[in-house]
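The structure appears below as structure tokens.
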Protein chains: 4
Amino acid sequence: MNEEQWLEELLKFSEEDGKFSEKQLKILEAAIEMFAEKGYAATSTSEIAKRAGVAEGTIFRHYKTKKDLLLAIVTPTLLQSVAPFLAKEFAKEVFEHQYEHYEDFVRTVWKNRYKFVKKYLPAIRVFWQEIAFHAEIKKQLEVVFMEHVYEKFKKIVEYFQERGEIADFPVESVIRLTVTTIAGFFATRFIIMPDYEWDDEAEMERTIQFLMNGLRKKGA
Amino acid sequence: MNEEQWLEELLKFSEEDGKFSEKQLKILEAAIEMFAEKGYAATSTSEIAKRAGVAEGTIFRHYKTKKDLLLAIVTPTLLQSVAPFLAKEFAKEVFEHQYEHYEDFVRTVWKNRYKFVKKYLPAIRVFWQEIAFHAEIKKQLEVVFMEHVYEKFKKIVEYFQERGEIADFPVESVIRLTVTTIAGFFATRFIIMPDYEWDDEAEMERTIQFLMNGLRKKGA
Amino acid sequence: MNEEQWLEELLKFSEEDGKFSEKQLKILEAAIEMFAEKGYAATSTSEIAKRAGVAEGTIFRHYKTKKDLLLAIVTPTLLQSVAPFLAKEFAKEVFEHQYEHYEDFVRTVWKNRYKFVKKYLPAIRVFWQEIAFHAEIKKQLEVVFMEHVYEKFKKIVEYFQERGEIADFPVESVIRLTVTTIAGFFATRFIIMPDYEWDDEAEMERTIQFLMNGLRKKGA
Amino acid sequence: MNEEQWLEELLKFSEEDGKFSEKQLKILEAAIEMFAEKGYAATSTSEIAKRAGVAEGTIFRHYKTKKDLLLAIVTPTLLQSVAPFLAKEFAKEVFEHQYEHYEDFVRTVWKNRYKFVKKYLPAIRVFWQEIAFHAEIKKQLEVVFMEHVYEKFKKIVEYFQERGEIADFPVESVIRLTVTTIAGFFATRFIIMPDYEWDDEAEMERTIQFLMNGLRKKGA
DNA sequence: AATGAATGAGTATTCATTCAT
DNA sequence: AATGAATGAATACTCATTCAT
């Protein structure tokens, strides 16, 4: 029972905080694992019930449909994905000089998200697989990103551009290059080649060095 | 019949070149579209038959199982994905100074793969979605990549590293950074935000500039 | 519900005694009837469902495959077929002089099996039709026959041979002649010519007379 | 081509004598084998085509339906089954004292049918399996038996009954006992226990001895 | 809340048969 | 005569969901 703590943590962003029974957690855990392994469409509710150790009907007592079960996994994952940007103190931290350089910011985000990816990898897999096929999820992502992430990220980028620290690319391009460089590492590291022997610390250093050089303002 | 030319081209890497009947092409086209839209597992053979305008039994005359149909799509896509590296003249082009700089090489790959992605986007979606769930596909990719892409790429990187043009990162890291930077653009451009108004030419310039700066040897 | 008593009786030899729900009995009854009429391979599960008055899925909730359903019919039938020999008191009855002559034994078996055949004819038809095509069923029959029937039968034959009552044929031949004579009647009576007007009592008398004369020791 | 002689022989009783092409024989041979192995309903026409080495359509050029193919096998088998009784000289042979005793007659039938069973076993299996499920076949059998076998057999039995050689059972009973005794041996020998080590000569002697003693008139 | 038997629409696949070549 | 691609109805079996207990 203690084992499911990671799940409770993942879920703590969803509104219905705290109301998860033991069986409900077992169901969610089983569903995450199986969706990650075989995909949502290829996983049957009876398999989930079996792995969760509950009766078939029990799943539907908690989630009206199979899709509701997917959304119950995917929504908290989405929120956790952008968690740092949701925190109220986040912007303050940046502008009150906790981050003297863009690199400090990147480094903080990197480390924070590295832990996140490692911890919730199965849920993240589910999220990224299913987003392609479920328009609602994609919509949710867009809304959350535009409302909570983009604006803050933009201000940060503009702040360091004004200080002449990073190149005068359009903000969107800087954000995109930052995000795809970090996400590109995570994708390679955890999904495409998880079995390769990674020196995570060294690869992070190289990647951040690459990113900062890539974004550095010419002549600076 | 003329419409399916793109399909025939996509398929031309598979060994059984040229033996595709009209119905077979219709089936493949319908399957690619639907797998891209809803995913392999969520697409039924009866839907494919309907969209292809053939009887359901006809699908199974050409492909013993639904999975065979998937592989018939995914295998040529894999091969086309790494097509430039499969060409015999490719290495020559690089070392006989067609590419004076790493940037020329990157630029050529970029343009070539840009056309490819635009043309075969649905098939590529299918490939990248399903690779996660079908171990055989992932294995195929690994084999093709290691045998045909990695060795050639490595020589190119080492060549330009020796000439002091790019940083002394491990070859694997250079390859990864190059690939994820390019792929990161394509993913954002065509999959995550296809509806955004992209200035492809400008974004390519920026991204390549970012990549070259990121990889440039310090002090060079 | 009362009607299915014959079925419950047939099934009482299978280990899972007593756990048959009403729907399960309906399914078994329908399956026996249809397999007997058209054969296992020519009977579809949807027809069985229809005749049993249940949904098709219900069949598969109780029997994982169509073949499991066949075995659920055939195994108890096999056991009931050799029922008298499975009874513990059986050997005793013979040797403690309940049967003074081989003829008494034959007569008892005949009457007992006559009732059995009349009662369970459809299940028996299924058994004998399908044994030809399913190696597992044939194997089961061999095992049950050798373990439970052959040894006891052999002792009985040897007992009456020693007493000079029946001919000194090899035991196997005596058993075969006895069995095929009885079975030959049942086959003709119930399967080949069920519509002929039989005088069962008289035909039994003649057949037993024929059998006893055929087996009588010369000079006795 | 030479191999199929047994087939041509089997077929020579059917009216369309002599018009069998090579492919047609291959189809019939394949069909007999597969029907015997798996049963008519469980054998697909495509399997038959494959084993016969012809295209699927070819079967239907020769036999309008799958059932026609079955009948093409079963009808000659039926006729060959009762062949001796169909011969014009047969009755004569008996009454012109070629058979001095009923035993001679039985012995001749036995040997003749023994060869027949050995030669055409697969076709016979098909016949006996499928008769249970196809009313037309059963009807055919009844007609042939009543018209060609029963009458002649009856005369023979009555002839020997008048001569006091065999018991005064009803003729039908004598016929039934004779037939089931012989058929009981064949069934055990070739179908139920084909792998047992049989001493055919000795078993025939015993069985005929049993049969003759069983039928002998008391006091004779 | 939890169960698990029951459902019936849906699934991938097979089949006997047709027909243009 | 022979082929084999094409058909669409049928097949065994699975599924998400419901509901009485």
Side-chain angles (χ1 to χ4, degrees), chain A residues 21-24 26-27 40-50 52-69, chain B residues 21-24 26-27 40-50 52-69, chain C residues 21-24 26-27 40-50 52-69, chain D residues 21-24 26-27 40-50 52-69:
Chain A
S21 74
E22 195 189 334
K23 300 234 166 195
Q24 212 166 345
K26 284 256 173 75
I27 290 167
Y40 168 76
T43 303
S44 75
T45 49
S46 84
E47 285 172 296
I48 295 169
K50 207 173 290 167
V54 304
E56 287 196 59
T58 307
I59 292 177
F60 291 90
R61 192 146 290 280
H62 291 288
Y63 304 95
K64 271 218 297 265
T65 67
K66 190 187 169 193
K67 188 135 192 185
D68 280 358
L69 177 55
Chain B
S21 74
E22 196 188 335
K23 302 237 166 193
Q24 212 166 344
K26 284 252 175 77
I27 290 167
Y40 168 78
T43 303
S44 76
T45 51
S46 83
E47 288 172 296
I48 296 170
K50 210 170 290 168
V54 304
E56 207 172 345
T58 307
I59 292 176
F60 291 91
R61 179 155 287 276
H62 291 289
Y63 305 94
K64 274 215 291 268
T65 65
K66 190 186 168 194
K67 187 136 192 185
D68 279 0
L69 177 56
Chain C
S21 73
E22 194 189 335
K23 301 234 166 196
Q24 213 166 344
K26 284 253 174 79
I27 290 167
Y40 168 78
T43 303
S44 74
T45 50
S46 83
E47 288 172 295
I48 296 170
K50 210 170 290 168
V54 304
E56 205 171 346
T58 306
I59 292 176
F60 291 92
R61 179 156 288 278
H62 290 289
Y63 304 94
K64 273 216 289 272
T65 64
K66 191 187 167 192
K67 187 134 193 185
D68 279 0
L69 177 55
Chain D
S21 73
E22 194 188 336
K23 301 233 167 196
Q24 213 166 345
K26 284 254 172 78
I27 290 167
Y40 168 78
T43 302
S44 75
T45 50
S46 84
E47 286 173 295
I48 296 170
K50 207 172 291 167
V54 304
E56 288 196 57
T58 306
I59 291 176
F60 291 89
R61 193 146 290 279
H62 291 288
Y63 304 95
K64 272 219 296 264
T65 66
K66 190 187 169 193
K67 188 134 193 187
D68 280 358
L69 177 54

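Lettering follows sequence order; numbering is per chain, from 1.
Taken to the nearest 0.5 Å, the OG1 atom of T58(C) stands 11.0 Å off from the CD atom of Q24(C). Note that CD1 of I59(B) is 8.5 Å distant from OG of S46(B), once rounded to the nearest 0.5 Å. To the nearest 0.5 Å, atoms NZ (K23(B)) and CZ (R61(B)) are separated by 12.5 Å.
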Checklist entry - Given I48(C) and L69(C), is the side chain to side chain contact (heavy atoms under 4.5 Å, CB included) satisfied, shown in steps? => result CA-CA 11 Å; I48(C) 296 170; L69(C) 177 55; 4.1 Å; yes

Give me the distances for all protein-to-nucleotides 15-19 of chain F N/O pairs that come in under 3.5 Å?
unit_1: dA16(F); atom_1: OP1; unit_2: T43(A); atom_2: O; d: 3.4
unit_1: dA16(F); atom_1: OP1; unit_2: K66(A); atom_2: NZ; d: 2.9
unit_1: dA16(F); atom_1: OP2; unit_2: T45(A); atom_2: N; d: 2.6
unit_1: dA16(F); atom_1: OP2; unit_2: T45(A); atom_2: OG1; d: 2.8
unit_1: dT17(F); atom_1: OP2; unit_2: K66(A); atom_2: N; d: 2.7

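For the pair H62(A) and G53(C), nearest-nucleotide mapping onto DNA chain E gives the more 5' position to H62(A).
Distance from the side chain of K23(B) is smallest to dT7(F) among dT7(F), dA6(E), dA2(F). Comparing dA2(E), dA6(E), dG8(E) against the side chain of A55(C) picks out dG8(E) as the nearest.
If you measure from atom CD of Q24(B) to atom P of dT7(F), you get 13 Å, rounded to the nearest angstrom. Here dT13(E) presents its P atom at 14 Å from CD1 of I27(B), a figure rounded to the nearest Å. In this structure, I48(B) atom CD1 and dT11(E) atom C1' are separated by 12 Å, rounded to whole Å. In this structure, NZ of K50(B) is placed 12 Å from P of dA9(F), rounded to the nearest angstrom. The separation between Y63(C) atom OH and dA6(E) atom C1' is 15 Å, rounded to whole Å.
Each end of the helix from dA2(E)-dT21(F) to dT21(E)-dA2(F) gets its own axis, taken as the rotation carrying the C1' atoms of four end pairs onto the next four within a five-pair window, and the two axes meet at 0° to the nearest 10 degrees.
Across every non-hydrogen atom of A41(B) and K66(B), the tightest pair is O-NZ, 3.8 Å. The minimum heavy-atom distance between D68(B) and K64(B), with the atom names listed, is OD2-CB, 3.5 Å.
Residue-environment remark: NZ (K50(C)) stays at or below the threshold of 12 foreign heavy atoms within 6.0 Å. Residue K67(B) places its NZ atom among more than 12 non-hydrogen atoms of other residues, nucleotides or ligands, all under 6.0 Å distant.
Looking at T45(A) and E56(A), their side chains never bring a donor and an acceptor atom within 3.5 Å of each other.
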